[in-house]
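A short write-up of the structure that comes next.
Model, not experiment: these values are computed from the prediction. Just so we're on the same page: letters track the sequence lines, and every chain starts at 1.
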Protein chains: 2
Amino acid sequence: MPARLSEVAALAGVHPATASRALNEATRNKVSADTVLKVRRAAEQLNYSPNPAARSLVTNRTSTVGVIIGDLTVPLFPPLLRGVDDVTSAAGYTALIVNTDNDWSRELARIAALQARRVDGLIVATATSGDQADPRIWSSVAPTVFVVRAPADPLAPTVLSDDSMGVHLAVEHLVAQGHRRIAHVAGPPEISTATARLRAYREALFERGIEVDPALVTTMDSISADAGTEALGRLLDSGAGVTAVLAFNDIVAYGCYRAVRQRGLRCPEDISIVGYSDMNGADLVAPPLTTVHVDHQAMGAEAARMLLGMLSDPGARPPHSVRLPVSLTVRESTAPPRQGVPR
Amino acid sequence: MPARLSEVAALAGVHPATASRALNEATRNKVSADTVLKVRRAAEQLNYSPNPAARSLVTNRTSTVGVIIGDLTVPLFPPLLRGVDDVTSAAGYTALIVNTDNDWSRELARIAALQARRVDGLIVATATSGDQADPRIWSSVAPTVFVVRAPADPLAPTVLSDDSMGVHLAVEHLVAQGHRRIAHVAGPPEISTATARLRAYREALFERGIEVDPALVTTMDSISADAGTEALGRLLDSGAGVTAVLAFNDIVAYGCYRAVRQRGLRCPEDISIVGYSDMNGADLVAPPLTTVHVDHQAMGAEAARMLLGMLSDPGARPPHSVRLPVSLTVRESTAPPRQGVPR
DNA sequence: CTGTTAGCGCGTTCAT
DNA sequence: ATGAACGCGCTAACAG
């Protein structure tokens, strides 16, 4: 049982109210310098830490934020949570992390649990662009920041990465190596990032004066290695003359590896493959994957900073959404096409 | 602002204390059946949920448990947390997850934060067998269950997986395919699982009447793919005549893949490789990895159950530690040795 | 079975 | 600058 404020006050020889004022940043100036010192000493000596329940009860805040994610085993989430945790815990907040399993009813249940816990704010990484994603579902619970996935309401505070930039970097890299027949294995259109990357892919080719051939795009209806294998397999068998592939993400790229191998082709000698995300382990596969590096930790940190800003100044207008830059990590899954660089 | 208990009571036409009794499982029997009904109806109508701060203040419990892990990006943790979360949240508890980054000072700071939050219990997945790991550091904060890693005190409640069983399954599989020269790329001796697996490796060979050749064991001083590449490389170059390798874990196995490839050998045709953990993605590498499957989700769930048991009956003696069984997932990284099965 | 009373540990008035 | 008094929302002890 830790010490109470009254014990600290007694040891310091002051009234509990004074001790409270001395210990709290905001009210410290209403107390003489040396009583502050006495109280702090006493607190330290007794190893005092305020009872958060008692504090919550009067301040009506919990210093907790809920973080809603789909599936923790998806490799983008651990670094994202790390980023969130770094800034929240530095500010004295605790993150309550919730796994929805990408199940909407489960998500609703967990939101209710977070509400019951009286979280001060919410960081949501599960919003999809299509369905029932009315942002009020979250923001009626507490101030909310969206991250990684775009919410239905474009005005809601959001932290995304720059998909357009990533795709342009990838295409740029392939084109510089001499590729002209660059395929795209796209994600399902109800995922906002899938449509964004597809659009950027077309743009990037167009800007470089390369024919945008619809035959070079396959759309998966789910995101998995198997879907990638199947999708690229079709493309390869169609005789479209592909020399390079931009996969929707790293997992799909792994599936593409398999499709290439199954046909007795080699990566990168016969086909170059570029992933997206630079997930944990992308350097360990064979060949090590060239991929767009997304700094998910920075995204989590930025989302947390944004949310804490909203909490510290509830009156202010919601902050502008941001789109963080990405970079290209070149490894060994890309090389010039067989026939060499045309001149 | 959610409804308060007094409002529910007013709507139901009873005293707040009665409403409280009606709403709480444990005291419900002290109230007539139809007042329970009235109160529940009122609560539902007002969308009542009790203020956890107020409740904590009087019950002196927070219905939270702290979960301490090393690094969330290590793939065993996400499923483990999932297991913890499943059972804790079903019991009305919230898990507070803490990343120590495998940094001891950071761990101490986070333990302090959890203590400040008044967690009811602790699940610790970071204890190493060697150094400063006095279990009292944790158990002085709250009742504690250790999971995945063995604490210094063997009597502390712990959930481990059966390393011996896993190694025996792996060796059994290799021997059944005709391997006799089975190497082991072992982890550093200060990791408790490393010594356990090494011991089991020797045992398993011995029990099958196979020579235990010290030249077939390399010890890494850190656990990484690079260390695995380097370690198996030495073994391969030593001319010890290895036909199969048991790696400390999957990551190390990936490193072993590289060592094999670098020498122009092939897996599994020239060298069979077995991993340990069956981490996310082990089915996606080439060749898909044969590995000992550890059910980390089950371990997390079991640890949580154990902890909740301790919390619900503080008087009882601490529960016995358990060691959960593992299984072998056979994929394509193992095959009979080149010269075929000797008879 | 139900109402009354008290108090959990704090921050915040309002006096002094 | 400090002390006194109050109340946040809830459960527990005690009456009736």
| query | Going by an N to O cut-off under 4.0 Å, is there a salt bridge joining B:D71 and A:R82? | reply | no

| said: Between P on C:dG11 and CZ on A:R28, what's the gap in Å once rounded to a whole number? | reply: 12 Å

| field | Set of side chain to side chain contact (heavy atoms under 4.5 Å, CB included) partners for A:A22, sequence neighbours left out | value | A:V31, A:V36, A:V39

| said: For the CZ atom on A:R40, are there more than 12 heavy atoms of other groups (residues, nucleotides or ligands in this structure) within a distance under 6.0 Å? | reply: no

| said: Looking only at the side chains, is there a donor atom on one of A:R118 and B:S49 sitting less than 3.5 Å from an acceptor on the other? | reply: yes

| Short side-chain N/O contact from A:S32 to OP1 or OP2 of D:dA1, under 4.0 Å | no

| said: Once rounded to the nearest 0.5 Å, what's the spacing between atom OG1 of B:T100 and atom CG of B:L108? | reply: 10.0 Å

| Through what angle, rounded to 10 degrees, does the axis of the helix from C:dC1-D:dG16 to C:dT16-D:dA1 turn between its ends, using five pairs per end? | 40°

| field | Nucleic acid contacts of residues 33-44 of chain A, taken as heavy-atom distances under 4.0 Å to DNA chain C | value | none

| message | Return whichever of B:P16 or A:A54 has its heavy-atom-nearest nucleotide of DNA chain C closer to the 5' end. | response | B:P16

| note | Across all chains, not counting sequence neighbours, the side chain to side chain donor-acceptor pair (under 3.5 Å) partners of A:T62 are A:T64, A:D120

| query | Is the phosphate of D:dC10, meaning OP1 or OP2, less than 4.0 Å from a side-chain N or O of B:S20? | reply | no

| note | Rounded to whole Å, the CG-P distance (A:L57 to D:dT11) equals 12 Å

| message | On the nucleotide D:dC8, are OP1 or OP2 found under 4.0 Å from the side-chain N or O atoms that B:N51 carries? | response | no

| query | So does B:R28 have more than 12 non-hydrogen atoms from other groups sitting under 6.0 Å from CZ? | reply | yes

| Nearest-0.5 Å distance, OG1 of residue B:T144 to CD1 of residue B:I123 | 9.5 Å

| Check: A:W138/A:Q115 side-chain N/O donor and acceptor closer than 3.5 Å | no

| query | Does a salt bridge link B:R110 with A:D85, judged by any charged N lying under 4.0 Å from a carboxylate O? | reply | yes

Restricting to nitrogen or oxygen on both sides, can you table the protein-nucleotides 13-16 of chain C pairs closer than 3.5 Å?
from: C:dT13; atom 1: O4; to: A:R21; atom 2: NH1; distance (Å): 3.3

Name every donor-acceptor pair, under 3.5 Å, that has one atom in a side chain of residues 91-98 of chain B and the other anywhere in the protein, sequence neighbours excluded.
from: B:T94; atom 1: OG1; to: A:R117; atom 2: NE; distance (Å): 2.7
from: B:T94; atom 1: OG1; to: A:R117; atom 2: NH2; distance (Å): 3.2

| task | Tell me whether the OP1 or OP2 atom of D:dC8 has a side-chain N or O from A:N60 closer than 4.0 Å. | result | no

| task | May I have the distance from A:R118 (atom CZ) to D:dG9 (atom C1'), rounded to whole angstrom? | result | 10 Å

| Rounded to the nearest Å, what distance is computed from the CZ atom of residue B:R61 to the C1' atom of nucleotide C:dG9? | 18 Å

| message | Return whichever of B:V58 or B:V14 has its heavy-atom-nearest nucleotide of DNA chain C closer to the 5' end. | response | B:V14

| task | Please report, rounded to the nearest Å, how far the P atom of C:dG7 is from the CZ atom of A:R4. | result | 13 Å

| query | Taking OP1 and OP2 of C:dG11, is either one under 4.0 Å from a side-chain nitrogen or oxygen of A:R55? | reply | yes

| message | Between B:R41 and B:E44 (salt bridge meaning N to carboxylate O under 4.0 Å), is one present in this structure? | response | no

| For atom CG of A:L5 and atom C1' of C:dC8, their distance in whole Å | 14 Å

| request: May I have the distance from B:N29 (atom CG) to D:dA12 (atom P), rounded to whole angstrom? | output: 13 Å

| note | Between CG of A:L23 and C1' of C:dG11 the distance, given in whole Å, is 12 Å

